[in-house]
Amino acid sequence: MTGFESDSCRRPRRKDDGSAVAVWTEKEFLKGKLLDAGVIILRTGGCSHFHTGGCSMCGYNTVSKMGISAEHIVKQFERALPGIGDVQVLKIYTSGSFLDKAEVPEEAARRILEECSSRGMRLLVESRPEYVTGERVDQILSVHDDLEIAIGFESANDKVLRYSINKGFTVADYDLAADILNERKVDLRSYVLIKPPFLTEAEAIADAVATVKHAARTSATISINAVNVQKGTVVDKLWRNWAYRPPWLWSVLQVVRASEDFGVKVVCDPVGGGSIRGAHNCGECDQTIIDGLKDFSISQNRSRLGSKDCSCKDMWNMILDIEGLVTGGTCDLQRFFRSQRR
Ligand SMILES: [Zn+2]
């Protein structure tokens with residue numbers, strides 16, 4: 001799971017091998033300050049795990065392409081730099097793992113690290129835990145040491161990782177990578193997923209809160225990511241058959257609020273929020289909650305997590321109570337009730 005998809009979906013995609021998929025700037029709250037951050041989505045050969053099945057909710061590989069070389073990646077990066085200007089933080093997303101040398105060859109990674117080092121830019125990259133080895137992290141730190149590494153942890157429950165997400169690693173694998181980063185004082189950003197498939201709304205909230213609690217021990221930042229229905233995925237197939245509904249924004253808000261107990265920086269910007277493929281409520285109250293989550297993410301001020309009262313909260317509460325009982329599994333009950341009213 002990556003953090004880029006909402007923006008990449010909104011922006012025109014460049015197709016040639018020497019151009020990044022998307023480039024933009026945004027704000028980042030870091031150590032009490034609001035900083036300018038640049039985001040570059042690089043096109044690579046894709047996530048190693050995608051080539052062996054992939055995660056049930058991930059469709060990012062549509063922007064990957066076989067045959068992308070180190071030279072292509074360097075060209076993408078250098079062409080993107082003028083578009084981000086003078087920023088304090090640079091976020092580089094690929095469709096998989098920056099630390100995987102098969103995906104981002106060493107010479108390309110080195111060029112990017114050297115540029116960040118010379119500009120004094122903090123660099124955030126993503127990786128699956130199997131590539132977070134002491135040797136690889138030490139190599140990177142020898143070039144640039146102001147680093148944050150993000151891992152798509154998703155769930156602290158091995159059954160959810162295996163059967164619901166098909167994540168291809170275990171909680172122990174994540175913990176090992178977290179320890180390697182902590183020992184080297186590299187900040188860890190952990191992605192926590194809300195509502196993997198086959199979990200009811202209530203189970204998904206409990207799973208996400210438990211995952212935040214687990215990850216808070218070793219993470220500098222936790223990014224709470226609501227599942228959005230991406231084309232060509234297992235989740236997409238379930239959704240088309242009414243067997244999946246993306247999380248309610250009420251659920252997202254509840255998880256973010258519960259995360260306060262764990263004393264860690266939390267960010268949340270629901271991908272496709274308010275749309276039927278993203279986290280959504282009734283349509284009336286969605287934007288207020290989304291705006292509050294965004295404001296909170298760049299301020300860490302919990303008073304921004306506002307929500308007006310809305311009648312759909314009653315339906316959400318009812319679904320939390322009955323979904324598993326009446327369906328024996330998961331179902332888009334909101335869609336079912338709406339269809340009955342027609
Ligand atoms: Zn509502």
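As the structure is a computational prediction, the values presented were derived from the model and not from experiment. Note that these values count all heavy atoms, side chains included, but never hydrogens, waters or copies made by symmetry. Both counts, for ligands and for their atoms, begin at 1 and track the order of listing. For this chain, numbers begin at 1 and follow the sequence in order.
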* Ionic contact status for Arg128 with Asp173, cut-off 4.0 Å ->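 Answer for the salt bridge query: no.
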* Using a side-chain heavy atom cutoff under 4.5 Å and only I, L, V, M, F, W and Y, what cluster partners does Val89 have? ->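 Result for Val89 is Leu30, Leu35.
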* If you link ILVMFWY side chains whenever their heavy atoms are less than 4.5 Å apart, which other residues fall into the same cluster as Ile298? By chain and number, please. =>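 Ile298 clusters with Phe29, Leu34.
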* Establish, from distance only, whether the side-chain atoms of Arg122 and Gln88 form a donor-acceptor pair under 3.5 Å. =>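 Note: Arg122 and Gln88 side chains miss the donor-acceptor criterion.
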* Under 2.8 Å from the Zn ion (ligand 1) - protein N/O/S, by chain and number ->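 Per the 2.8 Å query on the Zn ion (ligand 1), atoms found are Cys282 SG, Cys285 SG, Cys310 SG, Cys312 SG.
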* Asked: Under the side-chain contact (heavy atoms from CB on, under 4.5 Å) test, which residues partner Glu201, sequence neighbours left out?
  ->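 Glu201 satisfies side-chain contact (heavy atoms from CB on, under 4.5 Å) with Lys195, Pro247, Trp248, Ser251, Trp316, Ile319, Leu320, Glu323 once adjacent residues are dropped.
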* Closest approach of Cys58 to Phe50 (non-hydrogen atoms, all atoms of both residues) ->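 The pair with the smallest heavy-atom distance is O-CE1, 4.2 Å.
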